[in-house]
Each structure stands twice: as C-alpha cells, then as structure tokens.
Amino acid sequence: MSDTRSLNFIEALVEADNASGRWQGRVHTRFPPEPNGYLHVGHAKSIILNSGLARRYGGKFNLRFDDTNPAKEEQEYVDSIVNDVRWLGGEFEDRLFFASDYFAQMYDWAEALVKQGKAYVCDLSADQMREYRGTLTEPGRNSPFRDRAVDENLDLLRRMKQGEFAPGTRTLRAKIDMASGNINLRDPVMYRIVKEHHHRQGDAWVIFPSYDWSHGLEDSIERITHSICTLEFENHRPLYDWFLDQLGLYHPQQIEFAKLQLTYTVLSKRNLLYLVTNGHVAGWDDPRMPTIAGMRRRGYTSQALRTFCEDIGVTKNDTVIDLVRLENAVRDHLNATAPRRMAVLSPLKVVVTNYPEGQVEHVEVQNNPEDPQAGVRAVPFSRELFIERDDFMEDPPKKFFRLAPGKEVRLRGAYFVTCTGLVKDERGAVTEVHCTYDPATKGANAPDGRKVKGTIHWVSAAHAVEAEVRVYDRLFAAEFPGAAHEGTPGVERPFLLDLNPRSLEVVRGRLEPSLAAAAPGERFQFERLGYFTIDADSKPGVLVVNRTVALKDAWVKELAADEGGAAKAPAVAPPAPKPKAPPPAPTAPPAEIEFGDFAKVSLRAGRVLAAKKVEKADKLLELSVDLGESGPRTIVSGIAEAFAPEALVGRNVVVVTNLKPRALKGIESRGMILASGSGKSLSLVNPGDVPPGTAVS
RNA sequence: UGGGGCGUCGUCUAAGGGUAGGACAUCAGACUUUGACUCUGAGUAUCGUGGUUCGAAUCCACGCGCCCCAGCCA
C-alpha cells in the first residue's frame, strides 16, 4: 500500500488503536459468511476491506463460516465461497474456521450464563413471544417463565440439548430488559430447537445458537480485534457487548460500515436465489449475475474488483454506487492487460476487387498498444473479408467516419480501402461491399500524405474461426430494479418487471484465426467492440466467448444526440444517454422524419395491465403494458390529461416497440403509445381484438 | 409516537475552526492505425434556521429528510 489517499474511518480507527496499543499492535479481522448462497459484489467489498486491513497493517484475516442454521446451509455453498474468497485475494492461509466447531464451547458458556441467573428457558411459542415483545413504541412484558429457578433452567436446557423437546416448544433466552427501546435487548433468543441435519455436525446437535448469541463468541475465540459488519447490525452491538461482558471474555470491537449497493443490480440473497431457481438466469455463475462467480465468468478480474472497492471508499453513508464505476474499473484493468484481437460480430462481406484472387499475406498487428512488451502477431489478409455491418452505411450522415460509397478507410493493421460498389439482395439489403485497396498503405500511412478519418476492424473470410459469442448486457434495465413498481397491486416481485430482455444476445462471430487456440478464462479486447473472455462452455474446436464489457462508444452518443436515438438500434443497448433537454411529449411525433425512418418503426398490439400517475408530472402516466414478451414493459406516456389511469387498464393499444429506452421523470420508458389528437381530446389507436405482441401495420 | 444511524457537486468521496479538493458522470476541445486509451478545459455541492467565532462543512441549539430494528434468519 503506497497510496496517498486519505484513510477511511476504519483505517483511522485501527491506526488509533495501534497508536494507543489497545490490541498490542495486532490487527485481526475476519469474513464470516453464512453458507446459504453464493457470494456477490457486496461480499467482495467486505472481503477486500477485511483482508485489506490485515494486509495493510501486517495482521491476519480469517475466513469463518457462520454455520449456525442447518436449515439453510449447504456444502456446495461452502466450496464456492472458499473458492471466491481465494480468487479475490483474501489470504486466510490455514485460518478456515467453522462456527459449528465452537458449539460445545458456546454451550458451556450458555450454562455459565444460566448459572449466573442471566439466561432462562422460555416455553413461549413464537407467536406468544412476539406478543410479549411489544412494539417499536411500546415496551414488552416479561415472559411468565422469566423467573424460573436456576436449577430448573439448567435441567431444561440440558434436556433441550438431549432432544427431549419438539422444535419450537422452548428457547433459551438472555435475561436483559423487556422494556428496552432497543428491541434486540428484549430477552433475545440464544438457542432454538432445530432438528435438521447439519452439513458438518450431522445430527449431533438439536439446539442451535442464534446470531446474536454466537457471533461475539466466535470472534472472541478467534481473538479478532476488529469485527467489521454492515450497518443493520448497529442495533445489535449492545448485545454483542453484553454477552462478552457478562462472560468476561476477550472482547473485540464491532464496527459497522455501509454495505455496497449498485445501480441496475439486485443484491439480496433472496432475490438472487429467486433468479436462479426460476430460470431467469442460467445459474449462480451466470455472467449476468452480480455474484463473484458470475463476474469471474463474465471476465471481470479480481484486480478490477479490488480497485473498485478501494475507489468507492468505506463510510457509514447509505449510498448507491453507479454501475459504470464497476464497469470502468474492469475496463481500466483490461485496457492495460488484455491482448487485442479482431473479431466481427455482425459480418458484412467485403471483396477487395483489385487484390489478387487466392493471394494471402500476413500483416503485423500490435498485441496491445498500451503495452509494447506484448509484442505483435500476424493476421492473414486476403481478397474476401468480413467487416462489422455497423461500419458500413450506404447513405451516411456527415460525421460518419467509416466505410460508405466512395469513402476511404483504414483496415486496422492492413491497407486503406475505398468503397467502389455494393451488392444488394432482392429486399434491398446490402449483402456485399466492393472496395479497392492501396498497396502503398500497408501498415502505414499513405505516401502522398492523405489521411483517413476512420479505422475499422476486419477478419479474412477464409481464415476466420467461428464462435458463439454471448453478448451480455446488464441484467436489469432500470437503475433501481423494481422501485418503479413497488406497491403495484398483484406484483409480488417488482424487480422482475425490470429485467432487461436484451441482457443476453447470442451471435455467430467471426474471429481472427489466432483465437482458435484460446483457452477458457483468457481475456481479450476485440478491437473497437469490447472486452471478451473465453467461456468454460468452450470445447476443442467450439469456441464460446462472453462479452465482459463493451468499450465506451462516443459514436452512439453522437447518433443519439443528433437523431434522437431513432437512427440506429444497435444489437445491444448502450447505456441510454440522458436526454439533454426535457424530452418532447412522447405522443408528439418529431417535426419531420424520413420515409426510411418510418419504415423502421415496429408497431405491436399491447394490453395495458396497470396505469398510474407519474409523481410531479401533470401529463405523464406510467403504464405497464403486456406485449406478449417475457414480462410487461414500462411505458411512460403523456396522456394523463385525456385519460384517468383506471380507465386504461385492460385496454388494447398500439405500441412503438423499437424505440431506444428513454428516461422520463426518472422512469425508464420502453416504448411509445400511439394516439391521435392532443391535450384533453386524445384518442388511442386501437389495434382491434388481437393478442398482445401481434404486429400492427 | 420508541431505539439506533446517516445528511458535502448528478453519483461516490476528502477536508473535522483558516482557499470546499479528488474520482466517476456530463459538456467542450486536442490527440489517435481502436469514435478506445490519453491529455486539456468547463460547469455543478456543505439539508435548513438560529447561535458561538475575526473566521463554521467542521462547534452549539432547534428543526427537516433518509436508512435500520418488532425472525426461534444472518
């Protein structure tokens, strides 16, 4: 650590402790996951914080499974977690621990507490206990079992441990204060009866310690100095302290920080589990998942994750980090380290008409301009090539620097070529582009000094290797998944409505031949496209490639700014640029559009499922519209003056479905409702009685 | 209406009585054999109201806003 950044509040605290000699200079942290799911980026922040502290201050870092609830925990999760922590650089060496290994010790301490008269066996049912607990504003009442004699408590506790009682019939509770303003102090449960097989203890135990009872003990046993957890445990700290104090045990300091939250991302284990079990993704390690395993498979590097976590800082502020920060960290690291290759994802054939048929030569291309050490490679060039469809336009706007009739561009690493003609199919689509090349420009500038504005990538048609390219985009289309649908009647999992229908697009790519030998896990930059990694699904001769993250693209911004986003619908939506000016009312057509533009409009029948007013907007309604897709779309429409929300539910409407999503009052609208008229005398275009999704002309 | 925590550019984050700084984003420009990278420039912030002080983001008071807590989950 040779950085100059200022200390975060935990580092400052540790340094103060070191200065005062509070822990004799020791720093010992831990990461205590419950093995009931895969780790995600939020956990990465914690792992990096805890292990980073140990590294920075010459201390130690433990990995400890908090496996105190046999009902939810599995060995599969233990294995994945160990793997993920290691991958992230969490150096726990031989200090891999399990809370369940401390069960006997914890039990002895529980008996000690009973003997001190500070814990009792309670026969209240869960429901009764809730009633006795009181509410946030009213104190609780003492359990009728609170004053049992020590001997009776001891006897009962031992019999609980023997398995004499049914689950749920009794608990061991700490005797603290039923009137405390902090509900956690109202005689919290220490042990509950659970008759389930434990992944490590088997059936040896039928009583299991609660978090509040066990966590401090675990830390104490391991001689942790700084027990770092997230903000929601702040209310539990008095308990952490109470148990340790009553027992007179070694007493680490609990410190709370704000957990990581990310835009366009869902991070609760419950929701992630739901996505996995309901097939919205292919598994915990689906590259769209925010899990460590998913990000690794996506091609993220642990270095990038570490930089990201360092970068966002550690505070107690409840904040949401913009996903682009993570993506930038990944780009940064990969820009410096990933070898460049050429690959064409949406091929358009180019014939270099003045290049001899059958001739092949190899051009030398740098592996990484950012890193001269990376050397060069030879790429075959021939008469027939593929270029990206997006890199050719028959009738380009003025600022288009790529290939177009009569225009000259550089083929990266090879020659200048000039477009001399094109071939179309019967439907008018361009199928082939003809060019001539200038032999004098090989790998260099033109001797006559003429410049080209654009450089495009290419592959030799005959030499290209085909690959399945999985083009991933963010899993959710909304910045705060589900937030806009919170409280919508009948919607029990609002975040599902914001799933990005284009989070995965699979294409047949043509890759430069050197990629044929690439191994799973290798990462590359496909020039001008993005960073990609070879997926584990690859088999000899069958390449599967994942897009890790796209390169930034100033050109799509340009297009969006100039043409209101209508000119081009890329295969994968780039982050929608925020409109500069307030967007025009969605029902008002642009002043003038071209015939060609109009032909690109896709109209489909939809049915309105729900509608409500948009806050702070007089004219806008937020609609949920069924278009026969996997989930309804959210569409914001300026028709509030003409229609009451309730009047729209169930109506059939015509929707422009291929518009670039656009944020209106912070709500992402994915489509436009067709209407005629204006203001209060609007009428909706009716598609007739057809199923949602039907194309309308 | 109980207890706990948090409020600084659009978003993160520094400064903790003495010039409100940085990063990301945005915009403008330069460079470019990747419309990438890099570089230059610009705009935008101390929740509010009082008070203490030569001086307040910082200290005090009173408000306001947001988050967490009523599992035999962690």
Side-chain angles (χ1 to χ4, degrees), chain A residues 5-8 32-34 36 66 68-69 71-72 122 124-126 129-131 133-140 167-173 179-186 188-194 207-208 210-212 214-215 229-238 256 258 263 269-270 311-322 324-325 327-329 331-332 335-336 340 342 365-366 369-370 399-402 409-414 416 441 443-445 452-457 525-530 550-559 575 577-578 580:
Chain A
R5 90 179 148 76
S6 52
L7 303 178
N8 65 48
E34 183 188 15
N36 67 346
D66 203 6
T68 56
N69 184 355
K72 306 200 297 185
C122 182
L124 253 26
S125 70
M129 201 182 287
R130 189 177 317 117
E131 284 172 33
R133 187 154 37 227
T135 69
L136 292 178
T137 52
E138 303 155 27
T169 55
R170 278 178 232 263
T171 56
L172 182 73
R173 295 225 258 163
S180 172
N182 181 346
I183 290 187
N184 297 305
L185 259 18
R186 322 243 260 230
V189 169
M190 296 166 61
Y191 279 100
R192 71 283 205 187
I193 301 170
V194 181
I207 58 170
F208 289 88
S210 65
Y211 171 87
D212 285 319
S214 60
H215 204 85
C229 61
T230 48
L231 247 29
E232 63 267 29
F233 291 99
E234 212 149 19
N235 294 331
H236 295 249
R237 178 158 26 101
E256 310 86 11
T263 57
K269 273 190 194 175
R270 203 178 110 257
D311 210 45
I312 58 176
V314 179
T315 67
K316 299 184 75 148
N317 301 339
D318 184 14
T319 57
V320 184
I321 308 292
D322 195 334
V324 305
R325 298 276 297 267
E327 293 173 342
N328 275 337
R331 287 194 192 99
D332 265 6
N335 177 48
R340 315 285 125 127
M342 289 197 283
V365 185
Q366 267 197 298
E370 300 286 320
K399 283 188 264 183
F400 187 78
F401 302 151
R402 286 109 99 145
V409 298
R410 183 198 302 275
L411 293 177
R412 168 122 242 221
F416 284 14
T441 57
N445 286 319
V452 289
K453 198 76 173 113
T455 296
I456 64 175
H457 60 275
Q525 184 198 93
F526 289 176
E527 295 217 29
R528 305 208 306 131
L529 295 176
L551 249 30
K552 288 185 198 164
D553 190 344
W555 172 237
V556 302
K557 274 189 201 171
E558 183 86 31
L559 276 182
K578 297 193 180 92
K580 260 165 129 175

Does the side chain of [Y] come within less than 4.5 Å of [X]'s, by heavy atoms?
X: A:E34; Y: A:T68; answer: no
X: A:N69; Y: A:R192; answer: yes
X: A:Q366; Y: A:R412; answer: no

Which part of the nucleic acid does [X] contact within heavy-atom distance under 4.0 Å: base, sugar-phosphate only, or nothing?
X: A:S180; answer: nothing
X: A:R133; answer: sugar-phosphate
X: A:Q525; answer: base
X: A:T263; answer: nothing
X: A:V320; answer: sugar-phosphate
X: A:I312; answer: sugar-phosphate
X: A:L124; answer: base
X: A:T171; answer: base

Counting only side-chain heavy atoms from C-beta out, which of [options] sits nearest to [X]?
X: A:I183; options: B:G35, B:U34, B:A70; answer: B:A70
X: A:K72; options: B:C73, B:C67, B:C27; answer: B:C73
X: A:S6; options: B:A14, B:U1, B:G71; answer: B:A14
X: A:I321; options: B:C12, B:U34, B:C27; answer: B:C12
X: A:N182; options: B:G3, B:G2, B:C72; answer: B:G3
X: A:N235; options: B:A74, B:G35, B:G4; answer: B:G4

Pick the [atom1] atom in [N] and in [M], then give their distance to the nearest Å.
N: B:G4; M: B:C54; atom1: P; result: 35 Å
N: B:C59; M: B:A74; atom1: C1'; result: 39 Å
N: B:A36; M: B:G21; atom1: P; result: 29 Å
N: B:U52; M: B:A61; atom1: P; result: 15 Å
N: B:U46; M: B:U58; atom1: P; result: 12 Å
N: B:C31; M: B:G16; atom1: P; result: 42 Å
N: B:G10; M: B:G48; atom1: P; result: 13 Å
N: B:U13; M: B:G7; atom1: C1'; result: 14 Å

Using the closest heavy atom to pick a nucleotide of RNA chain B for each, name whichever of A:E527 or A:N317 lands nearer the 5' end.
A:N317
In terms of the nearest nucleotide of RNA chain B, which residue is placed more toward the 5' end: A:D212 or A:E370?
A:E370
Does the side-chain contact (heavy atoms from CB on, under 4.5 Å) test come out yes or no for A:V194 and A:I207, once each step is laid out?
CA-CA 6 Å; A:V194 181; A:I207 58 170; over 6 Å; no
Just to confirm, is there a sub-4.0 Å distance from OP1 or OP2 of [N] to any side-chain nitrogen or oxygen of [X]?
X: A:R270; N: B:A74; result: no
X: A:R340; N: B:A36; result: no
X: A:R325; N: B:U13; result: no
X: A:S210; N: B:C72; result: no

OG1 (A:T455) and CZ (A:R528) are apart, to the nearest 0.5 Å, by 8.0 Å
Hey, could you give me the CG/CD1 distance between A:N8 and A:I312, rounded to the nearest 0.5 Å?
11.0 Å
Can you tell me if A:W555 is stacked onto the base of B:G35, using a 5.5 Å centroid cut-off and an angle below 30°?
yes
I'd like to know if [X] reaches the base of [N] with its side chain such that a donor and an acceptor end up less than 3.5 angstrom apart.
X: A:H236; N: B:A74; answer: yes
X: A:R402; N: B:G35; answer: yes
X: A:N328; N: B:C24; answer: no

Just the rounded figure in Å: distance from C1' of B:A25 to CZ of A:R331.
12 Å
What is the ring orientation for A:Y211 with A:F233, classed by angle as parallel under 30°, tilted 30 to 60°, or perpendicular over 60°?
tilted
Partner nucleotide of B:G48 by Watson-Crick or wobble geometry (both distances under 3.5 Å):
B:C62
Is it the case that A:R331 and A:N328 place a side-chain donor and acceptor less than 3.5 Å from each other?
yes
